[in-house]
Amino acid sequence: MPRINSVLTIVILILLAVSLSAQEINVTGDWELTMQTQRGERTSKIHFDQDGESITVTMSSSRGGEVTAEGTIKGNEIEWTVTRSTPRGEMTMTYTGKVEGNTMSGEVSFGDRGQAEWKATKL
């Protein structure tokens with residue numbers, strides 16, 4: 001019986017540690033996002049508001065204007081989708097990546113228009 005209690009205690013401690021580490025990531029605040037595109041490097045400001053695993057994203061574009069999106073953060077994996085109006089019609093961009101402290105990076109998919117790498121640093 002003592003052996004079972006020891007095993008259960010270890011399992012509970014591991015689950016608690018995993019739970020606490022997942023809660024430590026909070027992306028709320030202002031970030032600078034840099035994306036590599038066919039037209040060169042593009043930099044924009046981005047603001048995240050986080051409530052648990054839900055995030056609200058406000059992105060500014062280099063041409064002015066802002067767009068707001070919803071997304072999720074689970075552990076250190078982040079994802080959000082933005083729809084922008086362009087001269088060629090609406091374009092949906094899905095950002096996926098990983099958060100590591102005050103930086104994050106990943107890929108953005110432009111649907112059938114390709115993809116690009118991005119990185120962001122907390123300001």
Side-chain angles (χ1 to χ4, degrees):
M1 199 56 108
R3 185 177 177 113
I4 292 174
N5 286 341
S6 296
V7 171
L8 286 175
T9 301
I10 291 171
V11 169
I12 289 170
L13 289 174
I14 290 171
L15 291 174
L16 182 61
V18 169
S19 174
L20 289 175
S21 68
Q23 292 175 1
E24 290 177 13
I25 293 179
N26 187 334
V27 296
T28 296
D30 295 318
W31 295 70
E32 183 174 77
L33 184 133
T34 303
M35 185 171 29
Q36 299 298 327
T37 71
Q38 294 174 346
R39 295 182 179 165
E41 188 174 274
R42 303 275 184 198
T43 301
S44 61
K45 301 293 184 206
I46 186 167
H47 180 83
F48 292 96
D49 285 310
Q50 181 176 343
D51 182 14
E53 290 185 344
S54 298
I55 55 173
T56 302
V57 184
T58 305
M59 298 179 73
S60 64
S61 73
S62 57
R63 296 178 185 163
E66 289 184 342
V67 64
T68 302
E70 303 293 321
T72 59
I73 182 160
K74 296 180 181 181
N76 72 332
E77 295 184 15
I78 191 165
E79 180 175 333
W80 73 94
T81 300
V82 174
T83 302
R84 293 187 184 267
S85 295
T86 72
R88 296 167 62 189
E90 287 197 345
M91 177 172 39
T92 300
M93 301 167 18
T94 301
Y95 292 79
T96 57
K98 293 193 184 290
V99 180
E100 295 179 19
N102 289 329
T103 63
M104 61 176 89
S105 61
E107 290 187 349
V108 56
S109 171
F110 302 103
D112 62 353
R113 296 181 186 173
Q115 60 190 28
E117 292 184 9
W118 63 269
K119 62 184 176 182
T121 304
K122 193 166 190 176
L123 299 175

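All values derive from a computational prediction rather than experimental measurement.
Proximity of Glu41 to Met35: side-chain heavy atoms (C-beta onward) are nowhere separated by under 4.5 Å. Looking at heavy atoms from C-beta onward, Lys119 lies out of side-chain contact with Thr103 at the 4.5 angstrom threshold.
Scored by the side chain to side chain donor-acceptor pair (under 3.5 Å) test, Glu117 finds no partners at all (sequence neighbours excluded). With sequence neighbours excluded, no residue satisfies side chain to side chain donor-acceptor pair (under 3.5 Å) with Glu100. Residues passing the side chain to side chain donor-acceptor pair (under 3.5 Å) test with Lys98, sequence neighbours excluded: Glu77.
Put simply, CD1 on Ile46 and OG1 on Thr121 are 12.0 Å apart, with the number rounded to the nearest 0.5 Å. To the nearest 0.5 Å, atom CG of residue Asp49 and atom OG1 of residue Thr56 are 6.0 Å apart. With rounding to the nearest 0.5 Å, the separation of CD in Gln115 from OG1 in Thr96 is 8.5 Å. Atoms OG1 and NE2, on Thr68 and His47 in that order, are 10.0 Å from each other to the nearest 0.5 Å.
By the criterion of side-chain heavy atoms lying less than 4.5 angstrom apart, applied directly or through intervening Ile, Leu, Val, Met, Phe, Trp or Tyr residues, Val108 is grouped together with Met91 in one hydrophobic cluster.
The nearest pair of heavy atoms linking Ser60 to Ser44 is O-CB, 3.0 Å. Across all non-hydrogen atoms, the minimal contact from Ile55 to Thr72 is CG1-N, 3.6 Å. Heavy-atom minimum distance, Phe110 versus Met93: CD2-CG, 3.6 Å. Here the closest heavy-atom approach between residue Val99 and residue Met104 is recorded as CA-CB, 3.9 Å. When all heavy atoms are compared, the tightest approach of Thr81 to Ala69 is O-CB, 3.0 Å. Residue Gly52 comes nearest to Ile73 through the heavy atom pair O-CG2, 4.0 Å, listed as atom of the first residue, atom of the second, then distance.
Ion pairing between a basic and an acidic side chain is recognised when a charged N comes within 4.0 Å of a carboxylate O; Glu32 and Lys45 show such pairing.
Trp118 and Tyr95 have perpendicular rings, their planes meeting at more than 60° on a 0 to 90° scale where under 30° would count as parallel.
With hydrogens and angles disregarded, a donor-acceptor distance shorter than 3.5 Å links the side chain of Thr28 to the backbone of Gln50.
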Report task. Please report the C-alpha distance between Phe48 and Val57 in whole Å, then the side-chain angles of each, then the deciding distance to 0.1 Å, and finally whether the side chain to side chain contact (heavy atoms under 4.5 Å, CB included) criterion is met. Result -> CA-CA 5 Å; Phe48 292 96; Val57 184; 3.7 Å; yes

